[in-house]
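What follows is one structure encoded as structure tokens, with my remarks underneath.
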2 protein chains.
Amino acid sequence: MYSFTEENYLKAIYKLQERQEEAVSTNAIADSLNTRAASVTDMVQKLSGKSLLIYEKYKGVVLTEAGRKVAIGLVRKHRLWETFLVDKLRFTWDEVHELAEQLEHIKSEELVDKLDEFLGFPKHDPHGDPIPQQDGKMLSQALILLEQMPEKAFAIISGVVNHSPVFLQYLQKQNLVLGISVEVLEKNAFDKSMSIRLNAEKEIQVSAEVARNLLMKV
Amino acid sequence: MYSFTEENYLKAIYKLQERQEEAVSTNAIADSLNTRAASVTDMVQKLSGKSLLIYEKYKGVVLTEAGRKVAIGLVRKHRLWETFLVDKLRFTWDEVHELAEQLEHIKSEELVDKLDEFLGFPKHDPHGDPIPQQDGKMLSQALILLEQMPEKAFAIISGVVNHSPVFLQYLQKQNLVLGISVEVLEKNAFDKSMSIRLNAEKEIQVSAEVARNLLMKV
DNA sequence: AACAATTTTTAGACTAATCTAAAAATTGTT
DNA sequence: AACAATTTTTAGATTAGTCTAAAAATTGTT
């Protein structure tokens, strides 16, 4: 069984590794965990000793299969708890991240599997991110950014890149929520803002910043 | 906010104080937490510094109102999570204690209140123990032990004293579960065993040991 | 290829929670 | 009231995780 702290390091490394295929630097880990590079060096040496990652001095770290498994288990728990909080307890999707950060460390395979069943084996969490299955597999769903859509195209809002509460609250206010269908009416070449139509009804303007942070399912 | 460990000490002291009205000794605390008296001395000095309890050298400790409040909050969370695990996730009542020990330390007032609402504001947990309300009040329910019941009396099984899995499993097997009505048919003076009738149907024998651990609502 | 800038590691120290072993206080018994 | 038994505290050490500051390695630029 791994400590709260060990688990947090594994998840942070997993998330960093997802984007860039190379080894993850100690500084990058320190940044994402709000700690110092010296602390990271200590911890990755410890995790390396447990064969959860491969560490080369001055080169950075790469998770082993065992380490990846632990990290994916945490992501699974995090996203299932978020789904529970929103679907069952009626939290809003911008309130649940911090709570799920705590709940993901509850140790029990049986609990997470029963939660999964209770929720009806959801495929996505309230932010549109895919929920890993028991076997660690994730249904990848080929989402694209709103900014990448051409004029006249249709798609469904299915996730966000930026998870900050302020952004999520903005989306809520504009009714840019999961499942809404969007048609691109016009793309403004000057500032990259877009006119879009929601659910074949309301027409609104979104900035490039927003378009760059909304994930769409075609 | 208090640490996981501080919370565990407060809850343990609260539970010990419930039975005997005097100050709780460091040794008693050490026993109930599987730690050593020396460690307890350190921790109670720390908690005393935070005004959560009153500590007198060689005399033991008594919780302050603030300390009691924290402990009752933990009991509330523990019993609500146990109710969730049994009612919603279909765990059996002998499986949930360890999980609730973890879940009770999740920090969020809002979460516990929403959980309470989701469960329909239950008054008792799956073991029949009363669940404290938001304001810390508990509906006391004047339960008596089965062994205290006279012959020909009727009552409802409403709780257990001993929460060990082996006892709970025994109860399940005998159908001695919460809500069942019991009539005392005969009390054996020799070994204090009892003959009882369940739900006006099946007649069974229970030992003094069992009768001493079943809480009944008259 | 040398060296300045940057990144990373090492060394040593700190805190929270724990332990063992020894010292001190309390209690009970005669 | 004295003293043996028990309980409790103190002293000093340990572990996990963290930090700062200094040393070492790497990288980029000329």
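The model shown is predicted, which means the values in this text are computed figures rather than measured ones. Lettering of chains follows the sequences in order, A, B, ..., and the numbering in each one begins at 1.
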Report task. Give the B/S/- string for nucleotides 3-9 of chain C, one per nucleotide from 5' to 3', where a protein heavy atom under 4.0 Å of the base yields B, of only the sugar-phosphate yields S, and otherwise -. Result -> ----SBB
Between [X] and [N], is there a side-chain N or O to OP1/OP2 distance below 4.0 Å?
{"X": "Ser39(A)", "N": "dC19(D)", "result": "yes"}
{"X": "Thr5(A)", "N": "dA16(D)", "result": "no"}
{"X": "Tyr2(B)", "N": "dA16(C)", "result": "no"}

To the nearest Å, how far apart are [X] [atom1] and [N] [atom2]?
{"X": "Arg36(A)", "N": "dA11(C)", "atom1": "CZ", "atom2": "C1'", "result": "17 Å"}
{"X": "Glu6(A)", "N": "dT15(D)", "atom1": "CD", "atom2": "P", "result": "16 Å"}
{"X": "Asp42(A)", "N": "dC19(D)", "atom1": "CG", "atom2": "P", "result": "10 Å"}

Report task. Identify whether any heavy atom of Phe4(B) sits under 4.0 Å from a base atom; if not, whether one sits that close to sugar-phosphate; answer base, sugar-phosphate or nothing. Result ->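 Nothing, no heavy atom under 4.0 Å.
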Report task. Mind checking side-chain hydrogen bond (donor to acceptor under 3.5 Å, both in side chains) for Arg212(B) and listing every partner two or more places apart, or none if nothing turns up? Result ->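 Listed in chain order: Glu209(B).
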Report task. Considering non-hydrogen atoms only, spot the tightest contact between Val210(A) and Tyr170(A) and give its length. Result -> CG2-CE2, 3.6 Å
Applying ring-ring contact (aromatic ring centres under 6.0 Å, His included), name anything that partners [X], two or more places apart in sequence or on another chain.
{"X": "His127(A)", "answer": "Trp93(A), His163(A)"}
{"X": "Phe118(A)", "answer": "none"}
{"X": "Phe84(A)", "answer": "Trp81(A), Phe84(B)"}
{"X": "Phe121(A)", "answer": "none"}

Requested in this report: Taking side-chain contact (heavy atoms from CB on, under 4.5 Å) as the test, write out the residues that go with Ile72(A), two or more places apart.
Outcome: Tyr14(A), Arg68(A), Pro132(A)
Report summary line: Symbol by symbol from the 5' end, with Watson-Crick or G-U pairs under 3.5 Å, [ ] crossing and | another strand, DNA chain D is ||||||||||||||||||||||||||||||
Query raised in the report: With Glu104(A), which residues qualify under salt bridge (Lys or Arg N to Asp or Glu O under 4.0 Å), at least two apart?
Result: Lys11(A)
